[in-house]
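So that the names make sense, note that chain A is the first sequence line, chain B the second, and so on, each numbered from 1.
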There are 2 protein chains.
Amino acid sequence: MEYKEYIEKFFNQGHKHYLSHISIDCVVFGFHENELKVLLLNMKNLNSWVLPGGFILKDEEMETAVKRILTERTGLTDIFLHQFQTFGGLSRSSFTVPELFFKNLQIKKDSWMFDRFISVGYYALVEYSKVKPIPDILSEKCEWFNVHDLPELAHDHRHIFDEAWQSLRFWINHYPIGYNLLPEKFTMPDLQKLYETILDRKLDRRNFQRKMLATGILNRLNEVKPGVAHKAPYLYTFNIAAYEKTLKTGFGFAL
Amino acid sequence: MEYKEYIEKFFNQGHKHYLSHISIDCVVFGFHENELKVLLLNMKNLNSWVLPGGFILKDEEMETAVKRILTERTGLTDIFLHQFQTFGGLSRSSFTVPELFFKNLQIKKDSWMFDRFISVGYYALVEYSKVKPIPDILSEKCEWFNVHDLPELAHDHRHIFDEAWQSLRFWINHYPIGYNLLPEKFTMPDLQKLYETILDRKLDRRNFQRKMLATGILNRLNEVKPGVAHKAPYLYTFNIAAYEKTLKTGFGFAL
DNA sequence: TCAAAAGTGTTCCCACTACACCCATGG
DNA sequence: CCATGGGTGTAGTGGGAACACTTTTGA
């Protein structure tokens, strides 16, 4: 039984490979059908939902660990990451689970997994359509949820999610966004929907367009979106050079 | 020899009391004679300067640990704290020191202190005049430095400092500042100097005053600063209720 | 009495807001 | 041919930037 063996090794030997007391929790945002989505895992035997997360190998950069974890869950490489907060509460016990979980498993009572964890929170922005959600060994499901319709989350993960979303809302007032959330070609209404969804409020169509064009991070293509009713909107791509530059310097406007 | 005993116990037994692999580094800002200052420690026998820092007890909230550490270094309680970033680089080896340091000490080669550390960065804002800098057991000096004239810092502490200052500069565009950096009564020029020092640029005297008064976080007293040449400026205090409220909501202007 | 510092008010301008009109397309 | 959605222009406004004059006081 591969699962049993893996779990036992992970609980009983994991501290030899991973930094103890430190975990990573990720809030993975995607955008699909005008909805902001978050990737969640369902723990085996527990029926509880959690954020994707993991641990740092002893000889691994922290950010490399985050990318490794997210690549395992999404199949993507080159993911936009933002470290938004580190959670150090005492009450955020990492792994209190019913005995049920351990039926048939031989796990030491002093496993590193039962220790207290400080968790570094990252949010990630990914292109929904490219993600193939993959459960980890402890989970049986890995699914997208609308941010307005999340299930109950275990531990302090609801709090972590709230902080991530708030941080994202703050961020988009100062730095460009979208390159990692939209397909390569997109329309101005697409981009606006993305902003409206993240900010959770309506924006003026005309002012939005003017501001966005003023940033200089967009290229308007000589194409319009095919196969749509009514007037077809232009397609845009991001001007990567300008986009990257603005990611460093930021811009000043607020939506 | 108390020192020897303490150090040996700390290196050889510390992992029983503290979370391993996790440290805290603090950038303590003070304001004095129109200069922005930072508190640094000089390590015994090493003559290298470092940021004040420490570790988290196993049953201690992370923020409590930070406060404990800073109370030990400054004598202050109730310090303004802001967690600005967590550093997880591989190269930031926590404690690589010359053998010299360990002369006469019996320290195990596998001490937890030689492990790799992830460090949570906080900056603190304190009232310079109230601080009594106190070295820790590993240090022989604890001193203020002008931010423009820092000595070379060990490990990645220069990088941590740079990130802290940058974060502080960003912060003051969105949230009030000064309550923790200025004496209870201060003048508008004092407050402006503080802003100018943190932002590292000149601000217009008249526009600054108008904006500050517009925030509603200041009380003008019916007193002027005594014993100054030329026209005496009014004294102000912070309106704590409004200040605290704005700390939560933020304000929108940029300087 | 004068230099230096502080208090206050005014103008200008830009950027954000709130709107209205025209255009293109598929049903 | 018309309803729907997308592209563009404009007038109004509020806040920030730039700036000048007056007031106070010690040297």
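Shown here are the side chain to side chain donor-acceptor pair (under 3.5 Å) partners of A/R158, two or more places apart in sequence or in another chain: A/D162. B/D156 pairs by the salt bridge (Lys or Arg N to Asp or Glu O under 4.0 Å) definition with B/R92, not counting sequence neighbours.
Rounded to an integer number of Å, the gap from B/K202 NZ to D/dC19 P is 17 Å. As rounded to whole Å, 12 Å separates atom C1' of D/dG7 from atom CZ of A/R210. Rounded to an integer number of Å, the gap from CD of B/Q209 to C1' of C/dG7 is 7 Å. The nearest whole Å value for the distance from the CE atom in B/M188 to the P atom in C/dT8 is 9 Å. Protein atom CG of A/D204 is 14 Å distant from nucleotide atom C1' of C/dA15, rounded to whole Å. Atom-to-atom, CG of A/N34 to P of D/dG5 comes out at 12 Å; the value is rounded to the nearest Å. Computed from coordinates, the A/L213 CG to D/dG7 P distance equals 10 Å when rounded to whole Å. The distance from atom CG of B/N207 to atom P of C/dG9 is 14 Å, rounded to the nearest whole Å.
Taking a cutoff of 4.0 Å between a charged side-chain nitrogen and a carboxylate oxygen, B/K193 and B/E196 do not qualify as a salt bridge.
Scanning residues 224-235 of chain B for heavy-atom distances under 4.0 Å to DNA chain C yields B/H230, B/K231, B/P233, B/Y234.
Between A/F170 and A/H174, the angle of the ring planes lies from 30° to 60°, which puts this pair in the tilted group.
With hydrogens and angles disregarded, no donor-acceptor distance shorter than 3.5 Å links the side chain of A/S139 to the backbone of A/K141.
The local environment of CZ in A/F145 is crowded, with over 12 non-hydrogen atoms from other residues, nucleotides or ligands closer than 6.0 Å.
With hydrogens and angles left out, the side chain of A/R205 and the base of D/dG7 share a donor-acceptor pair within 3.5 Å. Not a single donor-acceptor contact under 3.5 angstrom links the side-chain atoms of B/R206 to the base of C/dA6.
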